[in-house]
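The residues of the chain are indexed from 1 along the displayed sequence.
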Amino acid sequence: MPLDRYAAEKLFAPLGIETFEWVAGADGAPSAASGLRLTLPDLARIGQLVADYGVHDGRQIVPREWLARSFEPRATVNDVTRYGYLWYLAGTPERTIAIAVGNGGQRLTVQPDPGLVVASFAGRYNDPESWQTSIKVLLDFAVPEAKRLLGK
């Protein structure tokens, strides 16, 4: 089954995601590493699924074990960042922060403990500096608000 059909059936439908676009590569097949376009609320739904260890509405959509494996560092990026299966990883093994980064400043940041999910779109495709907007949203707005709500 093609990747986009599989995702539509096994992931998107259970989450209520009805609208998506998956740009195909030169070979005509959707790429697992890029080209997926979702709305911001739908990206946040996926983030919440990850924060809830693969469970949505009481149903295990993504195996918890797979998420745990995807959060295992496979490569070191720099002193504070590692890379798992398509996730940049920060924090500690006990309090992992998983980050998915897309073209144009699209970013999904998930910290399962305490359940923090931040999705942001900058909308600046192919701009090498677009990551700065999503980092600003995360660090200047989301993190201080999360600390305030959590009393930390």
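- Rounding to the nearest 0.5 angstrom, the gap separating the CG atom in L138 from the OG1 atom in T133 is 12.5 Å.
- In this structure, CG on L89 lies 9.5 Å from CZ on R74, to the nearest 0.5 angstrom.
- Two different hydrophobic clusters hold L38 and I99 under the rule that ILVMFWY side chains link at heavy-atom gaps under 4.5 Å.
- More than 12 heavy atoms of other residues, nucleotides or ligands shown are found within 6.0 angstrom of CG on N78.
- Contact detail for R82 and P73: the closest heavy-atom pair is NE-CG, 3.5 Å.
- Smallest separation of non-hydrogen atoms from W22 and S34: NE1-O, 3.2 Å.
- V101 and I97 end up in the same hydrophobic cluster when Ile, Leu, Val, Met, Phe, Trp and Tyr side chains are linked at under 4.5 Å.
- The distance from atom OG1 of T39 to atom CD of E21, rounded to the nearest 0.5 Å, is 13.0 Å.
- Legend: residues meeting salt bridge (Lys or Arg N to Asp or Glu O under 4.0 Å) with D4, ordered by chain and number and at least two apart, are absent.
- Qualifying salt bridge (Lys or Arg N to Asp or Glu O under 4.0 Å) partners for K136, counting only residues two or more places apart in sequence or in other chains: D140.
- Legend: salt bridge (Lys or Arg N to Asp or Glu O under 4.0 Å) pairs involving residues 39-64, not counting sequence neighbours, sorted by first then second residue: D42-R45.
- What you find for V137 and S120 is that their closest heavy atoms are CG1-CB, 4.2 Å.
- The two residues S130 and G105 make their nearest non-hydrogen contact at OG-N, 3.1 Å.
- Residue A33 comes nearest to L86 through the heavy atom pair CB-CD2, 4.4 Å, listed as atom of the first residue, atom of the second, then distance.
- Crowding of Y83 atom OH: a count of heavy atoms from other residues, nucleotides or ligands under 6.0 Å exceeding 12.
- With sequence neighbours left out, F141 forms a ring-ring contact (aromatic ring centres under 6.0 Å, His included) with no residue at all.
- Residue pairs that meet the ring pair (Phe, Tyr, Trp, His ring centres under 6.0 Å) test with at least one member in residues 36-78, sequence neighbours left out, are W66-Y85, F71-W87.
- Nearest heavy atom pair, residue A13 against residue E9, reads CB-O, 3.9 Å.
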Side chain to side chain contact (heavy atoms under 4.5 Å, CB included) between I46 and I17: does it pass, once the steps are laid out? CA-CA 9 Å; I46 290 175; I17 296 172; 4.0 Å; yes
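- Taking CG from L116 and CG from L149, the interatomic distance works out to 10.0 Å, rounded to the nearest 0.5 Å.
- Grouping the Ile, Leu, Val, Met, Phe, Trp and Tyr side chains by contacts below 4.5 angstrom, directly or via other members, places Y6 apart from F12.
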With salt bridge (Lys or Arg N to Asp or Glu O under 4.0 Å) as the criterion, how do R148 and E145 come out once you've worked through the C-alpha distance, each side chain's angles and the decisive distance to 0.1 Å? CA-CA 5 Å; R148 185 187 70 76; E145 182 63 8; 2.6 Å; yes
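- Judged by distance alone, with hydrogens and angles left aside, the side-chain atoms of T96 form no donor-acceptor pair with the main-chain N or O of A98 at under 3.5 Å.
- To the nearest 0.5 Å, the span separating CD on Q48 from CG on L43 amounts to 12.0 Å.
- For residues 105-138, no pair satisfies ring pair (Phe, Tyr, Trp, His ring centres under 6.0 Å), with sequence neighbours left out.
- With contacts defined as side-chain heavy-atom distances shorter than 4.5 Å, the pair R107/I135 qualifies.
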Working for side chain to side chain contact (heavy atoms under 4.5 Å, CB included), residues L11 and I61: CA-CA 7 Å; L11 178 63; I61 306 297; 4.1 Å; yes
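- By the criterion of side-chain heavy atoms lying less than 4.5 angstrom apart, applied directly or through intervening Ile, Leu, Val, Met, Phe, Trp or Tyr residues, V117 is not grouped with V55; the two fall into different hydrophobic clusters.
- L67 is connected to L15 through a chain of hydrophobic side-chain contacts under 4.5 Å among Ile, Leu, Val, Met, Phe, Trp and Tyr, so both are in one cluster.
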